[in-house]
Amino acid sequence: MDLDGIKGILRTFAEVEARGVSPLYEHLALQAAADDDVAGLLAAARDGEVRATLLMATAHRLVQADPIHPLSRYYPSLGGFDGVDSDTWPLFRSFLLERAEKARALISSRYTQTNEVRRAALLYPGVARAAREAGGKVSLLEVGCSAGLLLGLDRFGYRYQCDGGDQLTAGPAKAAVGLHCALDLAPGAVVPKLPKKLAVLDRAGLDRAPVDLSDEDELAWLEACVWADQPDRIRLLRTAAAEQARHRPRLITGDGADDLASAASTLEGPLVVITSHALAYFPAEKRAEFVATLAELAAARPVWWVSEEFYGAGLETVLPGRSDLAGSDGLATLGVVRWEDGKPEAHALARTAPHGQRMTWLPL
């Protein structure tokens, strides 16, 4: 990708994804989009991996390794308290360019691997629906699992704050990981019924580069992929990682489309395949192959796909023509798909905020 293309990616990230969510990353990405030297670092990324989040994660990882550098005062994840000011960009720029070789080494060898634990609160209603339709225990397969933290979603506690002050609760009462999510209702929608627990038979994750949380460097990279001015997300990540150490799932190295059938064959019973902001990283032809493989699997066993993705990367393949789900509002869509006689039956359940903080339930 040429430099102008890289700059466009940085600018779009700042104006669409980071604006109103991360003042630090919005500022840094906008400045980087106008700086040939900093933007040019992303030229070291592998094909298809030129992402603003990869540059931000690389910088975050390098600041982690040098926590007394003055730049750290802008990183709440490292104890910093300063907001963006006139010194932020000059410090960031000089810090990164002084470590350009280290930055290029990370950019050329790493993927952006977020394991946003709060997305479990978005997925839970979808998995619960699939389990209810299955009528018993289900096996979970997460595609694009990173460290596989979402595979523990049946062990988390959930509190959904509804309009009017009401709350829905689900999950174990004494869960080590507790998640909060705001739940609004779209016109015509009714509050979903959520089970207190899910019966999971088995679980596994599939990823091109699974993260081994017993490796301190791998855990540090996963933390670096969390936006630096959102330290609560990092604390939650650490709590979930500690819980996972007691119940390690099987993580399979492989391609999310090519190796899907093989990974599925390791699990017994009705199968629930989960994706959460993973398919946007697939080329269009791989997304089509992924869905086609799900249909093939469903010809031999009960299969559900619980998709928490942007509409164009997820449900559009099996639920086309829903322009109401394809807005530029930065929201994804939670959906559940099953196959009957080779044909997909897809339902859009909710619009979802990208980091699991809010969902709007849709009329069914």
Side-chain angles (χ1 to χ4, degrees), residues 16-22 25 53 57 77 112-130 140 142-163 167-172 175-186 191-192 194 198 205 211 222-223 225-241 243-244 272 274-281 306-311 313-315 325 329-336 348-362:
V16 176
E17 295 184 52
R19 181 158 294 169
V21 178
S22 171
Y25 280 14
T53 47
S77 60
T112 303
Q113 291 179 293
T114 53
N115 219 159
E116 179 52 72
V117 180
R118 289 189 299 183
R119 289 180 187 153
L122 309 176
L123 291 166
Y124 187 88
V127 175
R129 176 180 173 130
L140 305 179
E142 185 187 2
V143 175
C145 65
S146 188
L149 295 180
L150 294 179
L151 287 166
L153 61 80
D154 58 311
R155 300 187 180 104
F156 301 164
Y158 302 94
R159 192 174 299 276
Y160 297 90
Q161 188 68 44
C162 305
D163 291 338
Q167 289 188 346
L168 290 178
T169 59
V177 178
L179 302 176
H180 295 256
C181 180
L183 175 64
D184 343 285
L185 300 178
V191 176
L194 300 179
L198 294 174
V211 176
L222 200 62
E223 291 179 358
C225 288
V226 179
W227 297 8
D229 52 359
Q230 298 175 359
D232 287 349
R233 291 173 58 199
I234 293 180
R235 285 193 287 270
L236 189 57
L237 171 66
R238 291 172 180 163
T239 302
E243 172 66 10
Q244 192 214 61
V272 179
I274 299 167
T275 65
S276 178
H277 292 269
L279 297 186
Y281 295 88
V306 177
S307 165
E308 200 271 310
E309 306 276 353
F310 292 114
Y311 174 69
L315 281 187
L325 304 177
D329 52 12
L331 298 179
T333 300
L334 172 68
V336 175
L349 302 184
R351 303 299 310 286
T352 57
H355 296 138
Q357 64 271 41
R358 174 176 294 277
M359 66 195 309
T360 300
W361 200 253
L362 301 173

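Scanning all heavy atoms of the two residues, the minimum distance from Leu168 to Cys162 falls at CG-SG, 4.1 Å. Between Gly356 and Cys181, the closest heavy-atom pair is O-SG, 3.7 Å. Taking both residues in full, the closest heavy atoms of Thr333 and Ala348 are given as CG2-CB, 4.1 Å, listed atom of the first, atom of the second, then distance. The two residues Ala240 and Val177 have their closest heavy-atom pair at CA-CG2, 3.8 Å. In plain terms, the two heavy atoms of Val272 and Ala130 that are nearest each other are CG2-CB, 3.9 Å. Closest of all the heavy-atom pairs between Trp361 and Leu183 is CB-CD1, 4.1 Å.
Checked options Asp184, Leu334, Leu325; the residue passing with Arg351 is Leu325 (criterion: side-chain contact (heavy atoms from CB on, under 4.5 Å)).
To the nearest 0.5 Å, atoms CD (Gln244) and OG1 (Thr239) are separated by 13.0 Å. Annotation: the span from Asp163 atom CG to Leu185 atom CG amounts to 6.0 Å, rounded to 0.5 Å. The CZ atom of Arg238 sits 11.0 Å away from the CG atom of Leu222 when rounded to the nearest 0.5 Å. In this structure, the separation between CZ on Arg358 and CD on Gln161 is 10.0 Å, given to the nearest 0.5 Å. If you take OG on Ser276 and CD on Glu142, they are separated by 7.0 Å, rounding to the nearest 0.5 Å. Distance check, rounded to the nearest 0.5 Å: CD of Glu308 to CD of Glu116 gives 10.0 Å.
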* Test Leu236 against Leu179 for side-chain contact (heavy atoms from CB on, under 4.5 Å), laying out the working first. => CA-CA 9 Å; Leu236 189 57; Leu179 302 176; 3.5 Å; yes

* Take Glu223 and Ser77 through the test side-chain contact (heavy atoms from CB on, under 4.5 Å) and record every step on the way to the result. => CA-CA 9 Å; Glu223 291 179 358; Ser77 60; over 6 Å; no

* Show your reasoning for whether side-chain contact (heavy atoms from CB on, under 4.5 Å) applies to Leu198 and Leu153. => CA-CA 9 Å; Leu198 294 174; Leu153 61 80; 3.6 Å; yes

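Ring geometry for Tyr158 versus Tyr124: interplanar angle of 30 to 60°, hence tilted.
Panel note: side chain Arg155, backbone Ala175; no donor-acceptor pair is recorded below 3.5 Å.
Between Val191 and Tyr160, every side-chain heavy-atom pair lies at or beyond the 4.5 Å cut-off. At least one side-chain heavy atom of Leu150 sits under 4.5 Å from a side-chain heavy atom of Leu123. Looking at Val21 and Pro354, their side chains never come closer than 4.5 Å, going by heavy atoms from C-beta outward. Side-chain contact between Tyr25 and Glu17 is absent, with no heavy atoms from C-beta onward closer than 4.5 Å.
Residues satisfying the ring-ring contact (aromatic ring centres under 6.0 Å, His included) criterion with Phe156, sequence neighbours excluded, are absent altogether. Residues passing the side chain to side chain donor-acceptor pair (under 3.5 Å) test with Glu309, sequence neighbours excluded: Thr275. Phe310 is linked by a side chain to side chain contact (heavy atoms under 4.5 Å, CB included) to His277, Ala332, counting only residues two or more places apart in sequence or in another chain.
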